[in-house]
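Report on the structure given below.
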Amino acid sequence: MIIVLSKNITDEQKQRLIHRIEKLGLTPHISEGVERTIIGVVGDERILQGKPIDGMPGIEKIINVLKPYKLVSREFKNENTVVKIGNKAIGDGDFSIIAGPCSIESHEQMLSTANFLKENKISFLRGGAFKPRTSPYSFQGLGKEGLEYIKDAGRKNDLAVITEVVDARDIELSYEYVDVFQVGARNMANFSLLTELGKQDKPVLLKRGMSSTIIEWIMAAEYIMLKGNSNIILCERGIRTFEDYTRNTLDLSAVVAAKNLSHLPVLVDPSHGTGRKEMILPMCLAAKVIGADGVMVEVHPEPDKALSDSKQSLNFEEAKKIFNKIRKLKWED
Ligand code: PEP
Ligand code: MN
């Protein structure tokens with residue numbers, strides 16, 4: 001249930017309403033918008049039957065949400081969420097670019113990548129320290145050592161740092177090194193991880209699971225938001241289909257759906273979404289046209305030597321061309 005408060009509600013009326021909701025054993029989530037304040041009521045709404053609160057003063061209207069997701073829905077908050085990351089933001093109307101290697105491999109690799117990104121006015125550096133690989137024999141990431149490299153490279157070049165956590169135990173270890181926690185496709189439905197991230201005061205980039213429906217993806221965001229963290233960025237990274245020409249099938253229609261269903265910013269990852277370098281530019285341009293809030297692409301100083309995702313990683317020259325072309329495309333809907 002969503003309660004829209006009237007513009008002239010007094011503080012006392014608001015407090016009384018919140019108290020009443022809590023006394024009924026339900027949890028109020030308050031969203032103070034520019035235009036109006038909204039209370040999302042979470043819990044077993046059947047409790048409210050026969051105990052009407054719509055007669056209480058200060059309520060403009062009550063909307064019953066039948067959808068399984070509430071806090072991330074457009075009904076709960078009509079304005080787009082802008083995720084603030086230090087002095088940077090995602091979802092503020094600018095098309096964001098996140099770039100960096102698949103895996104953090106060395107200090108030099110991260111420093112040269114970060115330096116290249118700064119020169120090209122990119123604000124966000126990615127790189128994995130814990131790599132959830134399909135094979136247990138593949139490179140698994142540098143762990144804490146890698147976190148130190150990415151943090152240092154980010155700090156020296158004024159870049160916000162995004163890195164994946166694969167287990168709830170990684171959160172504490174990673175906390176001081178990262179600006180945004182990434183949840184990878186393989187962990188989208190790791191509900192204990194999502195719940196822990198919901199208690200953090202840093203944003204979460206939530207990738208869509210490779211076999212997840214759009215609604216399952218939105219529900220995963222609801223898990224995070226229910227625990228109090230509303231700084232969530234969704235990221236479409238392709239799903240598994242029968243098609244094997246591309247690594248995955250990049251589902252751009254899911255971006256449109258997610259933007260319509262939720263107020264969260266939505267990014268596109270064409271590197272994992274297609275696995276093919278020649279498709280990265282066209283998919284980035286398409287992402288901009290359909291209203292995505294940005295893209296995440298894999299860039300490596302020497303892609304041939306990359307320890308993971310070598311084939312889909314762009315070198316600096318290729319990346320620079322793509323960044324310029326993305327910026328040149330002016331699109332307003
Ligand atoms: C990644 O971004 O490095 C990654 C592992 O992606 P995904 O979880 O989408 O496979
Ligand atoms: Mn990768």
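Just so you know, these numbers use all the heavy atoms, side chains as well, and skip hydrogens, waters and symmetry mates. Atoms within each ligand, like the ligands themselves, are counted from 1 in listed order.
Close approach to G184 involves these atoms of ligand 1, each under 4.0 Å from a residue heavy atom: 8 (O).
The pair E32-K14 counts as a salt bridge, with a side-chain nitrogen and a carboxylate oxygen less than 4.0 angstrom apart. The existence of a salt bridge linking E196 and K227 is excluded, since no basic side-chain nitrogen approaches an acidic carboxylate oxygen closer than 4.0 Å. Taking a cutoff of 4.0 Å between a charged side-chain nitrogen and a carboxylate oxygen, R208 and E216 do not qualify as a salt bridge. Using a cutoff of 4.0 Å between basic side-chain nitrogens and carboxylate oxygens, D92 and K84 are not scored as salt-bridged.
Linking ILVMFWY residues whenever their side-chain heavy atoms come closer than 4.5 Å, directly or via other members, places L193 and V204 in the same cluster. I104 and I162 fall into different hydrophobic clusters, where Ile, Leu, Val, Met, Phe, Trp and Tyr residues are linked whenever their side-chain heavy atoms come under 4.5 Å apart, directly or through other members. Residues V295 and M283 fall within the same hydrophobic cluster, defined by Ile, Leu, Val, Met, Phe, Trp and Tyr side chains chained together at heavy-atom separations under 4.5 Å.
When hydrogens are left out, the protein atom nearest atom 8 (O) of ligand 1 is A185 N, 2.7 Å; that is the closest non-hydrogen contact. Looking only at heavy atoms of the protein, atom 4 (C) of ligand 1 is closest to H272 NE2, 3.5 Å. Protein heavy atom closest to atom 5 (C) of ligand 1, with residue, atom name and distance, is E164 OE1, 3.7 Å.
Contact between K131 and ligand 1 is present, with at least one heavy atom of the residue lying under 4.0 Å from the ligand.
Residue Q182 has at least one N or O atom closer than 3.5 Å to an N or O atom of ligand 1. In terms of polar-atom proximity, defined here as any N/O pair under 3.5 Å, R126 does make such a contact with ligand 1.
K77 approaches H263 most closely through the heavy-atom pair O-CB, 3.3 Å. Considering every non-hydrogen atom in both S174 and F181, the closest pair reads CB-CE2, 4.2 Å.
Annotation: cation-pi pair K70/F76 absent, no NZ/CZ under 6.0 Å from the ring centroid and within 45° of its normal.
Taking each of R208, K207, R237 in turn, the one with a heavy atom nearest to atom 6 (O) of ligand 1 proves to be K207.
Around the Mn ion (ligand 2), the protein N, O or S atoms found under 2.8 Å comprise C102 SG, H272 NE2, E298 OE2, D309 OD2.
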